[in-house]
There are 2 protein chains.
Amino acid sequence: MGRNRATLADVARLAGLSKTAASMVLNGREGTRLSAEAHQRVFAAAEELGYRPNMAARSLRTRKTATIAFVSDIVATTRFAGDLIRGALDAARERDHVLLITETQGDAAFERYAIEAMLDRQVDGVVYAAMATRRLTVPPAILGGPVVLLNAVSPDERPCVLPDDEQAAVALVEALLAHGHRDRIALIGRNRLKEGDPEVSIAAPARLRGIRATLAAADVGLLAECFCAEWLPEHGYAAMRNLLSRSPRPTAVVCMNDRLAFGAYQALGEAGLAIPEDISVVSFDDDPIAAWLRPGLTTAALPHERMGRRAVELVLDGGDAGPSYVPMPLRRRRSVAAPAAGVPAPRRAPA
Amino acid sequence: MGRNRATLADVARLAGLSKTAASMVLNGREGTRLSAEAHQRVFAAAEELGYRPNMAARSLRTRKTATIAFVSDIVATTRFAGDLIRGALDAARERDHVLLITETQGDAAFERYAIEAMLDRQVDGVVYAAMATRRLTVPPAILGGPVVLLNAVSPDERPCVLPDDEQAAVALVEALLAHGHRDRIALIGRNRLKEGDPEVSIAAPARLRGIRATLAAADVGLLAECFCAEWLPEHGYAAMRNLLSRSPRPTAVVCMNDRLAFGAYQALGEAGLAIPEDISVVSFDDDPIAAWLRPGLTTAALPHERMGRRAVELVLDGGDAGPSYVPMPLRRRRSVAAPAAGVPAPRRAPA
DNA sequence: ATGCTCTGCTAAATCATTTTAGCTGCGCCG
DNA sequence: CGGCGCAGCTAAAATGATTTAGCAGAGCAT
């Protein structure tokens, strides 16, 4: 790999100047007194030889690698990881940096290993990412360089990047209220564990907070709140069946994420109820599935790409301590409509 | 980052030996004549100082970085990328290597940039990945070190890792035949572009080949073949509606991927037909959605994690030129049953 | 006594860069 | 005529490892 590349010495020789001169010209050093002609010659020589500096040598001297570490707990189990990484990749490229990626799988030994591997390679900074928004303790080993938490907060006030779940919840509920839904809004996805323990989730309490505040401001209460052990389709399905067995039926439900909403869709489909005519559904995340559902699901999108980008910007350009919130854009699709007048009756979709 | 680490010189000094001795001991060099006591002292000193070698310095000398490049066209748009990366990450870690990740977004300029960035950093090898199985020309710049194609083949016979789509198709169709489906099997997802142009897809023709061969061996023909402009849910939905408007109705459909199958599920749900009682459905990929559908979708899983792993194994351990096929395990869920006796009638799911 | 081999170790070169310190020659001032 | 400053450049050190070449001393044979 990278056989016989031209070195700085080659460039200098071809330009008829010293390595010092070549180095200074190529690095665009200010305040050097090298002649315009010297500049010309160096550039020409570098061009002719296709010179590219050897990063290993440069790093050895400068202790900079133009490389930043992206260490995450789990990349595979969530399909959002890709977006986080893409955003980080883009921002890194714009600043001529490159990403060294590792994964800890939540395992302490792997984490130690990963951190050491990064440190050995003299990364210029670290993005420490969690795939579900939660609280993370930064291993002390990486303090000493810039560290930014992505999708996580830390006990000590470190810069971090988070989705603005609370604002998203506000937007979602306001959309429902704007369509005329009032006292028959139900919530699917309450979860004591997620809401109570910041090690588990930051998102859950924020979403709940936003929902409650907005409803309270409009002086309406929730018709029902369904607890779910996990935020998976099967739980959304069960919750929706349960809601449908009760009276009165909700005119709208907000689901804590799209997978729950998907389960809710399934239950509604089986019950022969139409979305949004019989029941409106809104949710969080903008999982790809949200666009595939029929009708498309209105949901607040996790801005993963922008978050990834922001994280490396904070690492490279520096940033204030504490959280930096990225807004979650509302994707308006077809799952919201005004509640039907009177008591809605089950109806069949066309065959 | 990585402030004042102990250097080899420090270790040597503490051990009361030369750098040469320390280096040789720590690298476990054979054939050196250093005493057992010298070994002891070096290890003790390294331990005491928490010595870790500086990779930049080492790479400068050895031209090895214990780093491999993972360059892909697009990571974000597919949720499988995560699995590919995870597999690669695992294999890399096992061999004490680390992954430098970049993305070309299919853009030639970005690709050039990415390749140069990798080469500047003296990566030991390159995994060149496409997110949809297709043909890729390896940029000549990276020849000279090991290059393995992931999810892609190249015109020149380079080592590459591919899912075994053909075998998967065989398994899927055999599962249908085993349940007694014969002449009323339909296919959703024919696509001339994908089937005809290896730059676009390798998977499509392989899947089609497997399906046809298996049916031919059992001496049965396809009831219908639906062409789809893309492999998205809406196209699967339309195709299934079309199939249902015809007579006789299929007893089973094989979809070219899970997103098409999802669309087919939607159409069947709306038509009030039950899976698998009225129609069996099988498909390819094992998208997360396959497990979320009701009933779970029987599908041949893209073995992305194993593929990612295999690719870095080939880079590091060397491997024969040409394709290395990774089997696609069949995920048997609830979407397949024996065809109903007689003419199936529309039926309603319980409300 | 000389030379040879073997053991156990080390000095110094090397890798490709950045950076510090300083050199050379010229013009100018006093 | 001596010294000073400046323009334009360079030699050499430094970064932290690996590796080549070889040294000092002991043992042994001649």
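Quick note on labels: first sequence line is chain A, next is B, and so on, each numbered from 1. Both backbone and side-chain heavy atoms feed into the values below; hydrogens, waters and symmetry mates do not. The shown structure was predicted, so the numbers you read here are calculated from the model rather than taken from an experiment.
Using a 4.0 Å cut-off between charged nitrogen and carboxylate oxygen, A:Asp83 and A:Arg86 do not count as a salt-bridge pair.
Overall bending of the helix from C:dA1-D:dT30 to C:dG30-D:dC1, expressed as the angle between end axes built from five pairs apiece, is 90° (10° steps).
Comparing D:dC9, D:dT20, C:dT18 against the side chain of A:Leu34 picks out D:dC9 as the nearest.
Within the model, atoms CG of A:Asn54 and CZ of B:Arg121 stand 11.0 Å from one another, a figure rounded to the nearest 0.5 Å.
The residue among B:Leu17 and B:Leu60 whose nearest nucleotide of DNA chain C lies closer to the 5′ end is B:Leu17. Place B:Arg61 and B:Arg33 on DNA chain D by their nearest nucleotides, and B:Arg61 ends up nearer the 5' end.
For the residue pair B:Arg310/B:Ser324, the side-chain donor-acceptor check at 3.5 Å is satisfied. Donor-acceptor pairing under 3.5 Å is lacking for the side chains of A:Thr104 and A:Asp73.
In this structure, A:Met24 reaches the bases: a heavy-atom distance under 4.0 Å links it to at least one base atom across the strands shown. Residue contacts for A:Thr20: at a heavy-atom cut-off of 4.0 Å it reaches a base atom on one of the strands shown. Using a 4.0 Å heavy-atom distance criterion, A:Ser23 is classed as a base contact.
Scanning all heavy atoms of the two residues, the minimum distance from B:Leu60 to A:Ala57 falls at CD1-CB, 3.6 Å. Pairing each heavy atom of B:Leu316 with each of B:His97, the nearest pair is CD2-CE1, 3.5 Å. Between A:Pro327 and A:Pro303, the closest heavy-atom pair is O-CG, 3.3 Å.
At D:dT19, one or more side-chain N or O atoms of B:Arg29 fall inside 4.0 Å of OP1 or OP2 (strictly under the cut-off). The side chain of A:Arg63 places an N or O atom within less than 4.0 Å of a non-bridging phosphate oxygen (OP1 or OP2) of D:dG16. One finds a side-chain N or O of B:Tyr51 lying less than 4.0 angstrom from the OP1 or OP2 phosphate oxygen of D:dA17. In this model, the phosphate group of C:dT10 is approached by a side-chain N or O of B:Ser18 to a distance below 4.0 Å at OP1 or OP2. Listed pair B:Ser35 / C:dT7 fails the phosphate criterion, with no side-chain N or O lying under 4.0 Å from OP1 or OP2. At the phosphate of D:dT15, neither OP1 nor OP2 sits under 4.0 Å from any side-chain N or O atom of B:Asn54.
Across the protein-nucleic acid pair, A:Arg58 atom CZ and C:dT19 atom P stand 9 Å apart, rounded to whole Å. Taking atom CZ on A:Arg13 and atom P on D:dT10, their separation rounds to 14 Å, with Å as the unit. Rounded to whole Å, atom P of D:dG8 lies 13 Å from atom CZ of A:Arg41. Rounded to a whole Å, the CG atom of A:Asn27 is 7 Å from the P atom of C:dT19. The separation between A:Met55 atom CE and D:dT15 atom C1' is 16 Å, rounded to whole Å. Residue A:Lys64 contributes atom NZ, which lies 17 Å from atom P of D:dT15 at whole-angstrom precision. Distance B:Glu37 CD to C:dG8 C1': 12 Å, rounded to the nearest Å. One interatomic measurement links the two molecules: CG of A:Leu8 to P of D:dA12, which rounds to 17 Å at whole-angstrom precision.
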Kindly determine whether A:Glu37 and A:Arg41 satisfy salt bridge (Lys or Arg N to Asp or Glu O under 4.0 Å), including the steps that lead there. CA-CA 6 Å; A:Glu37 205 224 325; A:Arg41 294 220 305 275; 2.7 Å; yes
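Residue A:Lys19 places a side-chain atom within donor-acceptor reach of the base of C:dT17, judged by atom type and a 3.5 Å distance cut-off alone.
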